[in-house]
Structures are given as C-alpha cells and as structure tokens.
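Written out below as structure tokens is the structure these notes cover.
Please read all numbers here as calculations on a predicted model, not as lab measurements. Whatever order the structure lists ligands and atoms in, that order sets their numbers, starting from 1.
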Amino acid sequence: MVRKQDIKILTELLDLKDVKVISHRIHDGIGMILQTKSKKAYSTCPRCGTKSHRLHQNHRYIVKDLPFGEKPVFLEINRRQFKCDECKKPFSEKLDFVSQKRTYTKRLADKIIQDVIENDIHSVADKGIVTTEEIERMLKDASEELSDFKPDFIKRLGIDEIALVKGKGNYCAVLIDLDTSKLITLLSGRTQEVVKKTLIEWGTEVLEQIEEVSIDLWVGYKNVVTELMPNAQVVADRFHVMTQINQELDRQRKQEKRNLEELVKKAQSSSEKAEHEKVLAGLKNSKYVRVT
Ligand SMILES: [Zn+2]
C-alpha cells in the first residue's frame, strides 16, 4: 500500500509539470522506479488542434531521469493515444519532458551534455547512467535543436571539441558561453569552415562584443577568431595547454636521456679513463638517467 503522503512528496521531488507519481519501487542494483501519470485528462490533436478526452490506448514504457543522489531513477511513463473527434484518427500525446522515441528525459539529456563538455563521453558513460550510444543521440538532438539559435550577447566564448565514439577522428566543435558555462551550440563538425559559418550567422554586432575567446591550440580556430572577432583576446584553453606542456616536457626528458646515452657510448670508446669517470659522475647527478 502506497501512502498518500509519500506520493505527494515524490511528486514534489520529481518536479515535472503536469505529472504525478502514482507508485514507487526500489530494485537493488537497478535503482528507483517511479510510476507516473499525467494530471491532464486530455490532449490536443497535432493535426487540427482539437482537444480530445477520448482515450484510445495506453502506451507505457520506462525512461531514465536524473539520478537521485547516487541512485539511478527510472520513470514509468504513459504516452497515451487519444482519438480525435474531428479527424477521427488516433494521435500520440506530446509530453513536455520526454521527446518521442527517446529513452531518457530532456532534463537528463541537458545534464549529460553539460557533463560531456566538462569531461568527455567515455568518463560520463562510465558512470553507468547512460550509454555512449545514448550520449551520441543526445548530442545529435542538441545539435539539431540548437542549430538555429543565435545568442544576443556573449562576452567570453569558449570553442572546444568533443570526440565522438563512432569512427576515428570523428569530432564536433562546441561553442560555450564561459560566463554561464552553458552550451550555445554544438556543430556537426570541427573544421574552420563549420565554425566560421556559424559565427558569421551570429552577426557582427554579437561578434564585436566578444572580449575573450578560449580555444585549444589548433591554429585554425585562432584564425577564425582573429578574422571575425576584432575585440577578442585569444586565450589558450587551459586543459589543452597542460597537455601540450606535458608533451613538451616528455620530449625534453627523452632528448636529454638520448644525449646522456651518447656521452656514455663516447666515453666507453675513449681510452681516457679519467674522462669516462667524469661522465659517469655527471650521470649520477642526473635526474633522468640512473647509472648502476
Ligand atoms: Zn484532429
């Protein structure tokens, strides 16, 4: 028996407009499943706009939602079919919080995309909430939904890339408002042309307001910024800079090791014992090569 009070609290926690929780259960190793119901007894026909109360069929299925603490949350939803009195045809109701043919809520997709921008697809998928396929679907949907969006004002812009899973070297560029950490748009590719085309669509008024652009060290993006955003200062993306610095340090270490090895070889072929010892002494003081 489900207590009324529990249902009221769960509905409030769920916080989805026009939706109430009607039961809940917890499965070990799976998570919490909330059975939900629409508060509205009707739906509007997408063809003619007539409200219909005539229920034709129930269509119940489970979607993923934002986790509750560490616990995954699933919603059992009912996307009802109504019959329109005008058209005489059945139609599926539109639900604000979950798109048709999707296995997750819109707000979960928003959260995952934000996580992917801050991390990467694999580390987000490793959390076990959504699969890499679902993440790619979310990114594709977001890129389609945001494709016509033009910001009014941006002060600090971030241009980053997301590596997609399928196919090697498959990347897409993302444009981020760095002051709000929100995704502005997600492009279908990452080439200079793709990025440039989108930025041009924003218009010079928006572009001239941009004061700072954070990009990775790929020169292509820098050229676009210099060309289109006259007032922007280019800042190298900190994560990429660290990667490059580490690579450079590695390269230097390897080079130093090679130099020392050459010195050892030379010393060994030399008949002068003193010089040999001198080199060995020098090696012992080196941080990078251990001489035994
Ligand atoms: Zn109709």
Side-chain angles (χ1 to χ4, degrees), residues 2 4 6-25 30-68 72-114 116 129-152 172 182-188 198 201-202:
V2 185
K4 255 191 174 171
D6 291 352
I7 290 303
K8 193 168 173 282
I9 290 168
L10 285 170
T11 299
E12 273 173 31
L13 282 173
L14 186 66
D15 196 24
L16 284 174
K17 198 173 157 271
D18 300 327
V19 174
K20 63 178 175 186
V21 175
I22 50 174
S23 79
H24 64 95
R25 52 190 193 275
I30 296 175
M32 180 154 50
I33 301 176
L34 301 174
Q35 196 185 5
T36 66
K37 191 182 170 188
S38 176
K39 289 178 189 169
K40 289 197 294 185
Y42 64 89
S43 188
T44 309
C45 171
R47 289 186 208 92
C48 67
T50 307
K51 271 185 192 172
S52 172
H53 284 79
R54 203 131 72 88
L55 183 66
H56 181 63
Q57 246 173 13
N58 288 309
H59 181 212
R60 291 194 179 88
Y61 60 103
I62 286 178
V63 296
K64 296 174 190 179
D65 193 24
L66 292 172
F68 189 75
V73 173
F74 299 86
L75 307 181
E76 190 188 311
I77 61 169
N78 182 10
R79 193 188 290 278
R80 298 165 294 181
Q81 275 202 334
F82 289 87
K83 200 155 186 185
C84 177
D85 289 331
E86 283 296 310
C87 314
K88 311 283 178 210
K89 281 178 187 162
F91 66 90
S92 246
E93 72 178 322
K94 193 175 170 291
L95 299 171
D96 292 336
F97 62 98
V98 54
S99 302
Q100 259 178 348
K101 294 178 187 167
R102 294 293 175 266
T103 51
Y104 41 80
T105 57
K106 287 180 186 174
R107 63 186 182 183
L108 177 62
D110 290 345
K111 172 76 173 67
I112 294 289
I113 288 169
Q114 201 65 33
V116 169
I129 305 283
V130 286
T131 63
T132 51
E133 285 74 20
E134 282 173 324
I135 297 173
E136 294 216 322
R137 169 50 64 191
M138 289 171 181
L139 291 170
K140 197 164 179 290
D141 285 348
S143 118
E144 280 164 16
E145 273 166 36
L146 293 166
S147 66
D148 294 330
F149 176 77
K150 291 181 192 71
D152 298 327
C172 63
K182 285 273 177 286
L183 176 71
I184 305 164
T185 193
L186 206 150
L187 308 175
S188 52
T198 302
E201 282 167 8
W202 290 2

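Put simply, the side chain of Phe82 does not reach to within 4.5 Å of the side chain of His56, judged on heavy atoms. Glu134 is not listed as a side-chain neighbour of Ile112, based on a closest heavy-atom distance of 4.5 Å or more. At least one side-chain heavy atom of Arg102 sits less than 4.5 Å from a side-chain heavy atom of Asp141.
Protein atoms of type N, O or S found under 2.8 Å from the Zn ion (ligand 1) total 4.
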Tabulate below the donor-acceptor pairs under 3.5 Å that side-chain atoms of residues 91-101 make, not counting sequence neighbours, or state none.
unit_1 : atom_1 : unit_2 : atom_2 : d
Glu93  : OE1    : Arg80  : NH2    : 3.0
Glu93  : OE2    : Arg80  : N      : 2.9
Glu93  : OE2    : Arg80  : NE     : 2.8

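Comment: Arg137 does not engage Glu133 in a salt bridge, judged by the lack of any side-chain N to carboxylate O separation of less than 4.0 angstrom.
The 12-atom threshold is not exceeded at CG of Asp152, counting heavy atoms of other residues, nucleotides or ligands nearer than 6.0 Å.
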